[in-house]
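Notes to accompany the following structure.
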Amino acid sequence: DGGITQSPKYLFRKEGQNVTLSCEQNLNHDAMYWYRQDPGQGLRLIYYSQIVNDFQKGDIAEGYSVSREKKESFPLTVTSAQKNPTAFYLCASSFDSYEQYFGPGTRLTVT
Amino acid sequence: GQSLEQPSEVTAVEGAIVQINCTYQTSGFYGLSWYQQHDGGAPTFLSYNALDGLEETGRFSSFLSRSDSYGYLLLQELQMKDSASYFCAVNLQAGTALIFGKGTTLSVSS
């Protein structure tokens, strides 16, 4: 089955630790995206990548880093510099940017 | 800056019709997308308008007026399973990321 997967579904970390969220797709999409969603809020763009080995910052990139070494994979690292990391993180991919396919999300809690 | 405005909440009963509006002020505009998200789930794509007019997909339709910087999502024959959040999103340029509104929570009651 084609799709986009994120792991883990729930993640708990102590403040001050870096954590990496996984995102994998087998849809053969060139573009991949990371969004953050806070309760009652819309999706805010963290980073996106239109092609392997290239990525652009979104509106809230500070405290996050990404890599795009393979077409299928776009991991997101939440660093200790991110002041409010507790959130729901959604990864997406697309052929055309207007129709994005989302993974199930990772709910990160930092205490 | 970029802004998309949509109502925060809408309520309706089963079988009714509901319209969710979206107005946008953005530095560019290539098209308007709509997504549905059930509580705790992943957003799913519903429709896209690049040109003025109405696009119909089953019970859902979406409308765009580029001159008014306005669009809406129309949901007909509402069902309980339509209770969800609905997001409008602007595509500033082809191939770039979307800018999402804050979402409208639709509650459908029997």
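Numbered from 1 within each chain, the chains take letters A, B, ... in sequence-line order. Fair warning: this is a prediction, and the values are worked out from it, not measured in the lab.
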Discussion item. Heavy-atom cut-off 4.5 Å, strictly under: side chain, backbone, both or neither for Ala89(B) against chain A?
Written reply: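 Neither part.
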Fill in: Engaged part of Gln93(B) at the chain A interface, taking heavy atoms whose separation is under 4.5 Å
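The answer is the backbone of Gln93(B).
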Residue [X] versus chain B: region with a heavy atom under 4.5 Å:
{"X": "Arg107(A)", "value": "side chain"}
{"X": "Tyr48(A)", "value": "side chain"}
{"X": "Phe95(A)", "value": "neither"}
{"X": "Leu43(A)", "value": "both"}

So with a 6.0 Å cut-off around [atom1] of [X], is the heavy-atom count from everything else above 12?
{"X": "Lys71(A)", "atom1": "NZ", "answer": "yes"}
{"X": "Tyr101(A)", "atom1": "OH", "answer": "no"}
{"X": "Asp68(B)", "atom1": "CG", "answer": "yes"}
{"X": "Leu54(B)", "atom1": "CG", "answer": "yes"}
{"X": "Gln25(B)", "atom1": "CD", "answer": "no"}

Discussion item. Could you tell me if the side chain of Glu99(A) sits less than 4.5 Å from the side chain of Asn91(B), heavy atoms only?
Written reply: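 No; the side chains remain at least 4.5 Å from each other.
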Practice prompt. Determine whether Tyr35(A) and Phe100(B) make a side-chain contact, defined as any pair of heavy atoms from C-beta on separated by less than 4.5 Å.
Written response: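 The answer is yes; the side chains approach within 4.5 Å.
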[X] to [Y] - nearest heavy-atom pair and separation:
{"X": "Gln37(A)", "Y": "Phe87(B)", "value": "NE2-CZ, 3.5 Å"}
{"X": "Gln50(A)", "Y": "Thr96(B)", "value": "NE2-N, 4.0 Å"}
{"X": "Pro104(A)", "Y": "Ala42(B)", "value": "CA-CB, 4.2 Å"}

Item to complete: Spell out, as yes or no, whether a donor-acceptor pair under 3.5 Å connects the side chain of Tyr35(B) to the backbone of Gln100(A).
Response: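 Here the side-chain-to-backbone pair exists.
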Report yes or no: do [X] and [Y] belong to one cluster of Ile/Leu/Val/Met/Phe/Trp/Tyr joined by side chain heavy-atom distances under 4.5 Å?
{"X": "Tyr24(B)", "Y": "Leu92(B)", "result": "yes"}
{"X": "Tyr86(B)", "Y": "Leu74(B)", "result": "no"}
{"X": "Leu32(B)", "Y": "Tyr70(B)", "result": "no"}

Worksheet item: Is the distance between the ring centroids of Phe102(A) and Phe45(B) under 6.0 Å?
Response: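 Aromatic pair excluded; centres sit 6.0 Å or further apart.
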For residues 2-11 of chain A, tabulate all N or O donor-acceptor pairs below 3.5 Å that involve a side-chain atom, not counting sequence neighbours.
unit_1, atom_1, unit_2, atom_2, d
Thr5(A), OG1, Glu24(A), O, 3.4
Gln6(A), OE1, Cys91(A), N, 3.0
Gln6(A), OE1, Gly105(A), N, 3.0
Gln6(A), NE2, Tyr89(A), O, 3.1

